[in-house]
Participant: 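Pasting in a structure now, in structure tokens, and then I'll have a few things to ask.
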Amino acid sequence: LLESQPMRRGALIIVEGLDRAGKSSQCELLRDQLLTKGHAVEYIRFPDRTTPIGKLIDSYLRNASHQDDHSIHLLFSANRWELAKHIQDTVANGTTVIVDRYSYSGAVYSAAKANPTLSLEWAWQPEVGLPRPDICLFLSISPEEAAKRGGFGAERYENETMQSRVRQLFGTLLDRQRDDVCVIDAGRTVDEVSEEIVDVAVKCISRLDAIGPLRA
Ligand code: DGP
Ligand code: NA
Ligand code: NA
């Protein structure tokens, strides 16, 4: 009888947003809350700067090296593909995977560059076939709120021009991928935002659990 019970898979939960939207803190809070509730959880962030490809990306983001726009785009995508099987296996083994940034950032940050041969459509293609998230939580903050949260860091992309193009393109892309997306108002307090995120995540996980096989 035990053998006939299938392993419940975990959920694949993506957290997206502009720089300073609070993604990393919210991912950590979500991980801790889900662990407290007894879920198995793993937290991954992209870019994963620890792999050989990730080290090239890290150097590029710190402005320590130059890359052609298309080339760096494909490296960011390759950085997700090198973890794709791990994500797939982890979810299949019953662990929920929380991912800080994914294909949405991938397509949007590259397409935001003023490069005529790098459209959103072109940028999305290398992402096709990666594990599809059960939900993408998009942390939305207004430009005013972002400004209140202080200055940008020194990394590439952390400037007004880039961020406003990124904001616009996130709108376009998230509209296209609407079925997978849940927009979260991240302009509220950390606790308020966290409460909503945990609520949405728990519902997402319980929906997965509810879908079981027909029984004899
Ligand atoms: P973070 O470590 O989350 O602050 O991300 C570093 C920066 O890299 C951030 O400005 C967003 C950007 N980024 C993240 N993923 C991608 C990607 O796949 N492609 C491009 N072009 N940029 C990305
Ligand atoms: Na950043
Ligand atoms: Na472009």
Side-chain angles (χ1 to χ4, degrees), residues 12-31 43-84 87 97-133 136-141 143 146-147 149-174 177 180 184 186 197:
L12 178 55
I13 299 175
I14 310 296
V15 179
E16 283 280 9
L18 286 110
D19 294 271
R20 297 184 300 183
K23 286 180 302 305
S24 303
S25 330
Q26 288 297 340
C27 283
E28 283 166 19
L29 285 169
L30 177 58
R31 176 196 54 199
Y43 171 34
I44 292 174
R45 50 182 308 179
F46 287 118
D48 174 353
R49 303 189 193 213
T50 65
T51 70
I53 292 169
K55 290 195 168 80
L56 293 172
I57 294 170
D58 180 60
S59 161
Y60 172 82
L61 285 173
R62 289 185 293 102
N63 291 305
S65 61
H66 174 76
Q67 293 269 357
D68 169 79
D69 291 339
H70 306 79
S71 179
I72 191 65
H73 178 75
L74 296 172
L75 288 175
F76 271 109
S77 185
N79 188 231
R80 284 182 282 279
W81 276 104
E82 63 184 344
L83 277 174
I87 292 173
V97 178
I98 300 169
V99 186
D100 185 345
R101 291 197 191 276
Y102 200 58
S103 307
Y104 313 89
S105 282
V108 157
Y109 278 81
S110 287
K113 295 172 184 180
N115 189 322
T117 57
L118 220 173
S119 64
L120 197 56
E121 291 70 28
W122 189 95
W124 185 253
Q125 285 308 304
E127 307 301 312
V128 173
L130 282 171
R132 179 178 172 175
C136 167
L137 299 163
F138 182 76
L139 273 51
S140 176
I141 47 163
R149 293 185 182 186
F152 290 112
E155 287 205 331
R156 206 183 283 263
Y157 306 154
E158 296 184 342
N159 62 75
E160 281 309 336
T161 314
M162 188 67 185
Q163 296 289 320
S164 80
R165 288 207 194 110
V166 164
R167 163 183 299 280
Q168 194 188 347
L169 285 167
F170 260 133
T172 306
L173 180 62
L174 295 180
Q177 302 289 325
D180 300 335
I184 304 283
I197 287 178

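For clarity, every value in this text was computed on a predicted model and none was experimentally measured. We count ligands from 1, going down the list as the structure has it; atoms in each ligand are counted the same way.
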Participant: Rounded to the nearest 0.5 Å, what separation is found between the CD atom of Glu160 and the CZ atom of Arg167?
Facilitator: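 One gets 9.5 Å once the value is rounded to the nearest 0.5 Å.
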
Participant: For ligand 1, which atoms, with element, lie under 4.0 Å from some heavy atom of Arg45?
Facilitator: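 Matching atoms, with element in brackets: 1 (P), 2 (O), 3 (O).
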
Participant: Measuring from non-hydrogen atoms of Met162 to any atom of ligand 1, is the shortest distance under 4.0 Å?
Facilitator: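 No heavy atom of Met162 comes that close to ligand 1.
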
Participant: Rounded to the nearest 0.5 Å, what separates atom CD1 in Ile72 from atom NE2 in His70?
Facilitator: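 With rounding to 0.5 Å, CD1 (Ile72) is 13.0 Å from NE2 (His70).
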
Participant: About how many Å separate CE of Met162 and OH of Tyr157, when rounded to the nearest 0.5 Å?
Facilitator: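 That separation rounds to 5.5 Å.
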
Participant: Please say whether Glu155 places an N or O atom under 3.5 Å from an N or O atom belonging to ligand 1.
Facilitator: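 No: no nitrogen or oxygen of Glu155 is under 3.5 Å from one in ligand 1.
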
Participant: State the atoms of ligand 1, each with its element, that fall below the 4.0 Å cut-off from a heavy-atom position in Ser110.
Facilitator: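 Selected atoms, number and element: 21 (N).
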
Participant: When only distance counts, is Lys23 in polar contact with ligand 1, meaning an N/O pair under 3.5 Å?
Facilitator: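 No: no nitrogen or oxygen of Lys23 is under 3.5 Å from one in ligand 1.
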
Participant: Give a yes or no answer on whether the side chain of Glu127 reaches the backbone of Tyr104 with a donor-acceptor pair at less than 3.5 Å.
Facilitator: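 No.
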
Participant: So which of Tyr102, Phe152, Tyr104, Phe76 gets nearest to atom 23 (C) of ligand 1, if we judge by its closest heavy atom?
Facilitator: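 Looking at heavy atoms only, the winner is Phe76.
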
Participant: Of all the atoms in ligand 1, which lie at a distance below 4.0 Å from a heavy atom belonging to Gly106?
Facilitator: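 Every atom of ligand 1 under 4.0 Å from some heavy atom of Gly106: 17 (C), 18 (O), 19 (N).
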
Participant: Any non-hydrogen atom of His73 lying under 4.0 Å from ligand 1?
Facilitator: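 His73: no contact with ligand 1 (<4.0 Å).
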
Participant: Applying side chain to side chain contact (heavy atoms under 4.5 Å, CB included) to Ser105 and Phe170, what does each step give before you reach the verdict?
Facilitator: CA-CA 8 Å; Ser105 282; Phe170 260 133; 3.8 Å; yes

Participant: Using heavy-atom distances only, which candidate in Glu127, Lys113, Arg49, Arg80 approaches atom 6 (C) of ligand 1 most closely?
Facilitator: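 Result: the heavy atom closest to atom 6 (C) of ligand 1 is in Arg49.
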
Participant: Judged on heavy-atom distance to atom 10 (O) of ligand 1, which of Asp48, Leu61, Asp19 sits nearest?
Facilitator: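 Comparing heavy atoms across Asp48, Leu61, Asp19, the nearest one to atom 10 (O) of ligand 1 lies in Asp19.
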
Participant: Using the ring of each side chain (for Trp, its six-membered ring), is Trp122 parallel, tilted or perpendicular to His73, with breaks at 30° and 60°?
Facilitator: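 Tilted, since the angle between the ring planes falls between 30° and 60°.
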
Participant: Apply salt bridge (charged side-chain N to carboxylate O under 4.0 Å, His left out) to Asp19 and Arg101, showing your working.
Facilitator: CA-CA 10 Å; Asp19 294 271; Arg101 291 197 191 276; 3.4 Å; yes

